[in-house]
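Contents: one structure, followed by commentary.
Just so you know, residue 1 is the first one in the sequence shown, and it goes up from there.
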Amino acid sequence: MATRSEKDACDLLDADHRAVKKMFKEYEELTSSRGRTVGQKKLDLARQICHELTVHAQIEEEIFYPACRAAFKDTDLLAEAEVEHQSAKDLIAQIESMGEADEMFDAKVKVLGEYIDHHVKEERNEMFPKARSSRKLDLVAMRDELMARKEELMGEVA
């Protein structure tokens, strides 16, 4: 088990959560802006949010969740998280297929943000404490594995 002075896998995943939350706030600010370039800025920011979330979900699904599934007796939290991921992926696909930022685009980005807020709260309040209390998980080594895979995926064309 990691000492709390050392960053672990949960810290890395939570840093992603905070970064995406900041992007959602920027998007929300843009929805009340006017100007010729606002639509393109919203489109670009939404695509960045979708890319970040896609990579984040993939590293959780490939590395974090399977390790937790092997370490936890009760895996209901993981099953719920995977269902939440699928809902987010469905919305991401819809957002990415849209050609311009309009009323429905804004609504989809807003709902995606709400899904993510809910998901993050459950990870922070339930899953991460459970992972940190498990003696079966080396969260510091997992952090390095997550970081390496994230860098690999971020390097791929969005």
Side-chain angles (χ1 to χ4, degrees), residues 1-32 42 44-96 104-156 158:
M1 198 159 68
T3 61
R4 284 308 300 137
S5 61
E6 198 165 7
K7 298 286 183 190
D8 66 15
C10 300
D11 293 316
L12 175 77
L13 295 171
D14 208 38
D16 284 356
H17 295 158
R18 287 189 305 277
V20 169
K21 177 75 172 173
K22 185 178 176 188
M23 285 186 265
F24 276 115
K25 282 184 179 170
E26 288 173 34
Y27 188 92
E28 191 175 321
E29 289 167 12
L30 282 173
T31 60
S32 60
K42 288 191 325 186
D44 292 344
L45 185 54
R47 288 198 171 119
Q48 183 183 356
I49 289 168
C50 289
H51 182 63
E52 294 277 340
L53 288 173
T54 299
V55 168
H56 178 84
Q58 190 166 340
I59 65 173
E60 281 187 334
E61 291 168 6
E62 287 179 4
I63 300 165
F64 187 70
Y65 291 172
C68 289
R69 193 171 286 285
F72 297 172
K73 285 181 183 150
D74 180 5
T75 58
D76 289 349
L77 267 178
L78 293 162
E80 187 177 327
E82 288 168 356
V83 169
E84 290 169 351
H85 274 204
Q86 189 55 55
S87 295
K89 286 179 196 176
D90 292 345
L91 258 181
I92 287 168
Q94 291 173 40
I95 292 166
E96 289 178 332
M104 289 305 292
F105 189 90
D106 289 344
K108 288 175 191 234
V109 173
K110 181 179 179 74
V111 170
L112 179 61
E114 291 168 353
Y115 279 1
I116 300 306
D117 280 347
H118 171 79
H119 181 72
V120 165
K121 282 180 189 145
E122 288 190 345
E123 283 189 347
R124 274 189 191 146
N125 298 333
E126 297 176 53
M127 195 177 303
F128 291 171
K130 198 170 181 177
R132 285 182 169 135
S133 68
S134 173
R135 298 192 188 284
K136 296 177 183 175
L137 295 172
D138 182 347
L139 295 174
V140 174
M142 190 188 303
R143 175 207 61 209
D144 296 340
E145 187 180 355
L146 288 165
M147 204 175 321
R149 182 65 174 133
K150 180 180 176 182
E151 287 172 8
E152 180 183 334
L153 291 169
M154 290 302 281
E156 293 177 5

Listed partners of Ala19 passing side-chain contact (heavy atoms from CB on, under 4.5 Å), at least two apart = none
Please list, chain by chain and in numerical order, all residues satisfying side-chain contact (heavy atoms from CB on, under 4.5 Å) with Lys121, sequence neighbours excluded.
-> Asn125
Closest heavy-atom contact between Tyr27 and Leu45?
-> N-CD2, 3.4 Å
Distance-only, no hydrogens or angles: does the Asp14 side chain make a donor-acceptor pair with backbone N or O of His17 under 3.5 Å?
-> no
Is Phe64 close to Leu12 at the side-chain level, that is, under 4.5 Å between some pair of heavy atoms?
-> no
Check whether any side-chain N or O of Ser134 sits under 3.5 Å from a backbone N or O of Ala131 as a donor-acceptor pair, and report yes or no.
-> no
side-chain hydrogen bond (donor to acceptor under 3.5 Å, both in side chains) partners for Lys108, two or more places apart = Gln94
Sequence neighbours excluded, which residues qualify as salt bridge (charged side-chain N to carboxylate O under 4.0 Å, His left out) partners of Lys21?
-> Asp117
Side chain to side chain, Leu137 and Met142, heavy atoms closer than 4.5 Å | yes
Name all residues meeting the side-chain contact (heavy atoms from CB on, under 4.5 Å) criterion together with Asp76; count only those two or more places apart in sequence or in a different chain, and write none if there are none.
-> Asp74
Nearest 0.5 Å please: distance from the CZ atom of Phe24 over to the CD1 atom of Ile49.
-> 4.5 Å
Rounded to the nearest 0.5 angstrom, the CG-CD distance for Leu153 and Glu151 is 10.5 Å
Does atom CE of Met147 have more than 12 heavy-atom neighbours from other groups under 6.0 Å away?
-> yes
Please assess Asp106 against Lys110 for the test side chain to side chain contact (heavy atoms under 4.5 Å, CB included), listing each intermediate value before the final yes or no.
-> CA-CA 6 Å; Asp106 289 344; Lys110 181 179 179 74; over 6 Å; no
Checking side chain to side chain contact (heavy atoms under 4.5 Å, CB included) for the pair Leu112/Leu53: CA distance, chi angles, key distance, verdict?
-> CA-CA 10 Å; Leu112 179 61; Leu53 288 173; 3.8 Å; yes
Which residues pass the ring pair (Phe, Tyr, Trp, His ring centres under 6.0 Å) test with His119, sequence neighbours left out?
-> His85
Heavy atoms of Cys68 and Leu78 approach each other most closely as C-CD1, 3.7 Å
Which of Arg143, Arg132, Glu6 passes side chain to side chain contact (heavy atoms under 4.5 Å, CB included) with Asp11? Answer is Arg132
With sequence neighbours excluded, residues passing salt bridge (charged side-chain N to carboxylate O under 4.0 Å, His left out) with Glu96 = none
Is there side-chain contact between Phe72 and Met127, with at least one heavy-atom pair below 4.5 Å?
-> yes
side-chain hydrogen bond (donor to acceptor under 3.5 Å, both in side chains) involving Asp44 - partner list, sequence neighbours excluded = Gln40
Looking at residues at least two apart in the chain, or sitting in another chain, which of them share a ring pair (Phe, Tyr, Trp, His ring centres under 6.0 Å) with Tyr115?
-> none
For Glu122, enumerate each residue passing the side-chain contact (heavy atoms from CB on, under 4.5 Å) test, keeping only those at least two apart in sequence or located in another chain.
-> Glu80, Glu84, His118, Glu126
For Lys150, all residues meeting salt bridge (charged side-chain N to carboxylate O under 4.0 Å, His left out), sequence neighbours excluded = Asp16
Walk me through it: do Met23 and Val20 pass the test side chain to side chain contact (heavy atoms under 4.5 Å, CB included)?
-> CA-CA 5 Å; Met23 285 186 265; Val20 169; 4.1 Å; yes
Tell me the salt bridge (charged side-chain N to carboxylate O under 4.0 Å, His left out) pairs involving residues 54-63, sequence neighbours left out?
-> Glu61-Lys89, Glu62-Arg149
